[in-house]
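Reading through the structure tokens given below for one structure.
Numbers restart at 1 for each chain; the letters A, B, ... are given by sequence-line order, proteins then strands. Just so it is clear, the structure is predicted and the values come from calculations on it, not from any experiment.
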Amino acid sequence: MTGDSREMKVVPVLVPMPAERPYSYVLQEGMEAVPGSIVRVPLGPRQVAGIVWDTPVENIESKRLRQVEEIFDCPPIDETARRFVDWVAAYTLTPPGLVARLLLRAPAAFDPEPWSEGIQLTDVEPDRLTDARRRVLALASEAPAWTRSGLAHAAGVSSTVIDGLKAQGVFETVMLPPRPVVPAPDPSYALPDLMPDQMSAAQVLRDGVASDRPGVTLLDGVTGSGKTEVYFEAVAAALAKGRQVLILLPEIALTQAFLERFQDRFGAKPAEWHSDLAPRMRERVWRQAVEGTVRVVAGARSALFLPFKELGLIVVDEEHDPAYKQEDRVFYNARDMAVVRGHLGKFPVVLASATPSVESKVNAMQGRYTCVELRGRYADAALPELKAIDLRRAPPARGGFLSPALLGPIRETLDRGEQALLFLNRRGYAPLTLCRVCGHRFQCPECSAWLVEHRFRGQLVCHHCGHTEKRPDACPECGTVDHLVACGPGVERIAEEAVSHFPDARTIVLSSDLLGGTKRLRMELEAIAGGEADIVIGTQLVAKGHHFPNMTLVGIVDADLGLANGDPRAAERTFQLLSQVTGRAGRTGKKSRGLIQTYQPDHPVMRAIVSGDSSAFYEREIAERERAALPPFGRLAAIIVSADSRADAEGHARGLRRAAPDSPDIHVLGPAEAPLALVAGRHRFRLLIHGGRRSDIQTFLRAMLASGPKLRGSVRIQVDVDPQSFL
DNA sequence: AGCACGCCGACT
DNA sequence: GTCGGCGTGCTC
């Protein structure tokens, strides 16, 4: 070796920005990095954390290279997690750097947690004993080490007592390792008492975990059939094997009640991971996941990107829930990516739901997933009696929206001292306001959607873009005063109607525009569960999580709402939503019922809900999707327009339909649902195409470019993958 | 993603 | 004459 060519060690580093490939950096003298090491590197004017990657480094002029500043004292991100980042990046058309950023969401966690100072007993005897000293010494021998304040507090003495003993040498200082965020769960803490079908289902899941058999199991069980207890057995099996477990839940379902159920089974709570976790806790969970201290994490979708040391099972509860889709920056569906992570890590994945998504049903039918069904219900959770109210036969009184066939049962429920829930998935007072004189309709100036009246706030609000304006008294078109009429119902209007019928009942409206945010919402939900309301009128946020022990009547105000909005998943969503909402009435132990107001009592969704048998509904839905070449059957070019978010996409779709009337059917789905993307310009505009032949897509694009909205720059096809190729 | 640079409209 | 809008380009 010649003197001037001292060996320079160059490493690829994935930096947290939209780079298509890792950047190259030079290691300083004596630095040792392996793939997965977390490093601090200069990037432009600032310093960022990046991950040492393993794709070969290509030649960069050496004068452009900059040095790695620091290698963090942190276990390297493992091979599986790195392949997962690459996979997600390729599948979602996201630069790998941005995906890597999801893994690095806890900046302070790259340095080890500090050890804290503690004390432990020595052989030295104190010079004399006092009452306080006796208590301290008695307690101190019960554990190997204590913190100074912890021991003082436990013994009920001032910490000066400890200081005195320490000065004599009775205690000595020791360094204590960081405290685990949660105690270790014990897989055999409280073995459950399972019913026969739960037992066999649990056995299937346990076997999958025990035999290290990777693969996906769809756990399909009606509300109240005990799915949670069943998948807890899979969790127990994974824990017993020394593996970590991730339980994914839609954010709203991550409740105290769930954590307590887990604690009842395993003797300790799981670590939590969600968006409003305190930063300090977030860092501790991240660090303890990578070090393997934390054994079970219950988290929202972003928990999928925690750098687990030895993950051995993922459970996706409520797998059908749209909250698993992330539609900003990195577009992904956490349920699908969980399947991928399991596949790459060669461990099992359990998808649980009472109303599985059509995709998962198809995957189960076609043998990609193992299907485990739970049919039975606990005795004390008998199904509610469900009935459709045919609004053509029993119409509401003029100007109202509640049928006499629903009002009667509400009265009876109130008379029994029980609670009623009226469900309407529409915020505000009325979805449309018009002028009775000239017919003017209030529209959003930004996006041309109808403005929704919010009477409590005295505003007109666009539910699309958030635009608000004051509700005027006069028509802006013809100037006539006091002739504006509200059309159609929203929850506020239903509340008004309920109050007029039942003035003595305590009525409450629950919707996401409730002032006071999630905290207030949680309090309201608890108050309702505690019996502080008689009639609850709510949007879809009442569908999840909470148990209302005295809720014996559920009325669906407009079951048809949402069936006719052009969304290819409209029927599926409605089925899932209605079945969750009617399920709110089924867990009381008392006789309960669900009444469903509809103009289409023969619609497959209504039949499925009322009969409790969804098989015909799924069959039809699958056939329909297959015919229309919609997901999960992406064979033909079903064109989906999308942009940076679903709301944006709706706007683009409207523009596109106007500009290119000959374009194929345009279905708007969120970006997270579409694996093949055409990118026009840079960020502005994204067309996502589900399935389809490249030639069809190009034909469509050519037509669109000729007649469509102005597209910046060139249009290119980035990726071409089959939506199910990961299985 | 962040950040700098750069080129056209309303202001002390 | 400048402040500041956001369009464009770059980061090993």
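Look at A:R287 and A:D111 and you find no salt bridge, because none of the NZ, NE, NH1 or NH2 atoms lies under 4.0 Å from a carboxylate O. A salt bridge links A:R569 to A:E359: at least one charged side-chain nitrogen sits closer than 4.0 Å to a carboxylate oxygen.
In this structure, CD of A:E20 is placed 13 Å from P of B:dA1, rounded to the nearest angstrom. The CZ atom of A:R64 sits 10 Å away from the P atom of C:dC10 (whole-angstrom rounding). For the pair A:Y25 OH and C:dT11 P, the computed distance is 11 Å after rounding to whole Å. One can place CD of A:Q67 at 19 Å from P of C:dT11, the figure rounded to the nearest angstrom. Rounded to an integer number of Å, the gap from CG of A:L104 to P of B:dA1 is 16 Å. As rounded to whole Å, 15 Å separates atom P of C:dC12 from atom CE of A:M8.
In this structure A:E572 satisfies the salt bridge (Lys or Arg N to Asp or Glu O under 4.0 Å) test together with A:R625, sequence neighbours excluded. Every residue two or more places apart in sequence or in another chain that forms a side chain to side chain donor-acceptor pair (under 3.5 Å) with A:D86 is listed here: A:W53, A:R83.
When heavy atoms are screened at a 4.0 angstrom cut-off, A:P12 is found touching no nucleic acid atom at all. Within the 4.0 angstrom heavy-atom criterion, only backbone atoms of the sugar-phosphate kind lie near A:R66; the bases stay farther away. Among the protein residues, A:L65 comes within range of the sugar-phosphate backbone only, with heavy atoms under 4.0 Å from sugar or phosphate atoms but none that close to a base.
In the set C:dT11, C:dC12, B:dG2, the nucleotide with an atom closest to the side chain of A:M17 is C:dT11.
Using modelled atom types, one finds no donor on one side chain facing an acceptor on the other under 3.5 Å when comparing A:E453 with A:Q459.
Relative to the six-membered ring of A:W286, A:R105 misses at least one condition, a distance below 6.0 Å or an angle of at most 45° to the axis.
For residues 43-52 of chain A, proximity to DNA chain C is found at A:L43, A:G44, defined as any non-hydrogen atom under 4.0 angstrom from a strand atom.
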